[in-house]
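Below is one structure, written out as structure tokens; the observations come after it.
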Amino acid sequence: MTKRDPLATLPASVRAINPTLARSTARATGRTAKRNGDAFEREVFAALATLQRVGVLAWWSHTSPDSKRLRDGRTITTGRALCDVVGCTSDGRAFVAEVKTSTRRIELSEARIKGKTKKLGGVQDHQRAQLDATAAVQGVAILIGRVGDVTVVARWSEVRGLAAITAPTARPWEASSLSVGIIGAMVPRGPVEASGTPAAGVVAT
């Protein structure tokens, strides 16, 4: 049975009166978002493992930021994370994927990234640079995401010019199966692939 947060049932005006309630609600929301994100990552990693097993990917690995273990047992992050997944396809192309989840929107715009998207779960500047560089040399650069109840697998070159992907605008890249969606995004499309021209479903800045 899913445990309901009693604070969430209170009107926003009541929660705003008490900062403790507001902080508790924010922490609960953050924990839920992390659980959802972790669960989706596990789905993505399972799909990638299947693709490696059947020979679509030669290898892949989940990246993580540099970290340091403190004397009290805590681990702190000391560096920036690259894109979530790096690897190599069976035909020798670089494979880079960023995995994002959001209930409302995945921020992509460089203008909105500055100091804001760490809270909103957007693609960061250094991750954009890694995806751009991979796409520019005809590697496989993709965004794998879940917005609301829509699962998205998109070539980075098709979405990099968008401000954000929301549930209504995610439909052009909706994937009924992660494995099938990833394979579809790996199919080369020629010189246009690296053009970065926005596709349908543009969200205006």
Side-chain angles (χ1 to χ4, degrees), residues 37 39-64 81-102 105-110 113 121-204:
F40 182 61
E41 277 195 344
R42 287 193 294 272
E43 290 182 42
V44 173
F45 298 158
L48 293 172
T50 297
L51 295 180
Q52 182 179 6
R53 191 162 54 249
V54 300
V56 174
L57 292 174
W59 66 271
W60 67 276
S61 178
H62 174 216
T63 67
S64 58
L82 295 174
C83 289
D84 291 301
V85 177
V86 296
C88 181
T89 67
S90 59
D91 58 359
R93 290 178 292 161
F95 179 89
V96 176
E98 178 60 15
V99 181
K100 295 293 184 189
T101 59
S102 175
R105 55 190 284 137
I106 297 173
E107 298 288 348
L108 303 178
S109 168
E110 291 178 273
I113 280 174
V123 180
Q124 303 297 304
D125 281 347
H126 62 284
Q127 294 167 338
R128 287 181 62 90
Q130 189 182 0
L131 291 163
D132 284 343
T134 303
V137 295
Q138 304 301 307
V140 178
I142 60 177
L143 177 70
I144 305 174
R146 180 164 289 161
V147 189
D149 61 350
V150 182
T151 299
V152 175
V153 180
R155 291 176 175 83
W156 176 244
S157 59
E158 294 180 356
V159 299
R160 68 177 303 280
L162 308 186
I165 295 178
T166 64
T169 62
R171 300 298 175 181
W173 304 282
E174 183 174 6
S176 57
S177 159
L178 281 170
S179 297
V180 173
I182 293 169
I183 290 173
M186 291 172 60
V187 177
R189 286 192 177 178
V192 178
E193 174 69 17
S195 69
T197 302
V202 173
V203 178

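No hydrogens, no waters, no symmetry mates; every other heavy atom, side chains included, goes into these values.
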Item to check | T63 side-chain N/O to C83 backbone N/O, donor-acceptor pair under 3.5 Å | outcome: yes

Checklist entry - To the nearest 0.5 Å, how far apart are CG in L178 and CZ in F45? => result 11.5 Å

Checklist entry - What residues form a side chain to side chain contact (heavy atoms under 4.5 Å, CB included) with L57, not counting sequence neighbours? => result L48, L51, Q52, W60, T89, F95, M186

Checklist outcome for this item: Rounding to 0.5 Å, atoms CD (E98) and CG (D84) come to a distance of 4.0 Å

Next on the checklist: Pair W156, V96 - check side chain to side chain contact (heavy atoms under 4.5 Å, CB included), show working.
Outcome noted: CA-CA 10 Å; W156 176 244; V96 176; over 6 Å; no

Next on the checklist: Ignoring hydrogens, what is the shortest heavy-atom contact between A47 and I182? Give both atom names and the distance.
Outcome noted: CB-CD1, 4.5 Å

Next on the checklist: What's the separation between atom CD1 in I183 and atom OG in S177, rounded to the nearest 0.5 Å?
Outcome noted: 8.0 Å

Checklist entry - Taking atom CD1 of I144 and atom NZ of K100, what is their separation to the nearest 0.5 Å? => result 12.5 Å

Checklist outcome for this item: For A170 and V152, the nearest pair of non-hydrogen atoms, with its separation, is CB-CG2, 3.5 Å

Item to check | Separation between CG of L143 and CD of E158, rounded to the nearest 0.5 Å | outcome: 11.0 Å

Checklist entry - Any donor-acceptor pair under 3.5 Å linking the side chain of R105 with the backbone of G122? => result no

Next on the checklist: Applying salt bridge (Lys or Arg N to Asp or Glu O under 4.0 Å) as the test, list every pair that has at least one member in residues 166-185; sequence neighbours left out.
Outcome noted: R171-E174

Checklist entry - What heavy-atom pair brings L108 and L162 nearest, and what distance separates the two atoms? => result CB-O, 3.4 Å

Checklist entry - Does the pair R160 and L131 meet the rule for a side chain to side chain contact (heavy atoms under 4.5 Å, CB included), with working shown? => result CA-CA 9 Å; R160 68 177 303 280; L131 291 163; over 6 Å; no

Checklist entry - side chain to side chain contact (heavy atoms under 4.5 Å, CB included) between V187 and R155: does it pass, once the steps are laid out? => result CA-CA 10 Å; V187 177; R155 291 176 175 83; 3.8 Å; yes

Item to check | Spacing of CD1 belonging to I106 relative to OG1 belonging to T101, to within rounding of 0.5 Å | outcome: 7.0 Å

Next on the checklist: Give me the atom names and distance for the closest heavy-atom approach of A167 to V150.
Outcome noted: O-CG2, 4.1 Å

Checklist entry - So which pairs with a foot in residues 134-152 pass salt bridge (Lys or Arg N to Asp or Glu O under 4.0 Å), sequence neighbours left out? => result E43-R146

Next on the checklist: T50: which residues meet the side-chain hydrogen bond (donor to acceptor under 3.5 Å, both in side chains) condition with it, sequence neighbours left out?
Outcome noted: R53

Checklist outcome for this item: Sorted by chain and number, sequence neighbours left out, salt bridge (Lys or Arg N to Asp or Glu O under 4.0 Å) with D91 holds for R93

Checklist outcome for this item: Sorted by chain and residue number, the side-chain hydrogen bond (donor to acceptor under 3.5 Å, both in side chains) partners of S179 (sequence neighbours excluded) come out as none

Item to check | T134 side chain to G139 backbone, donor-acceptor under 3.5 Å | outcome: no

Next on the checklist: Between S90 (side chain only) and V56 (backbone N and O only), is there a donor and an acceptor less than 3.5 Å apart?
Outcome noted: yes

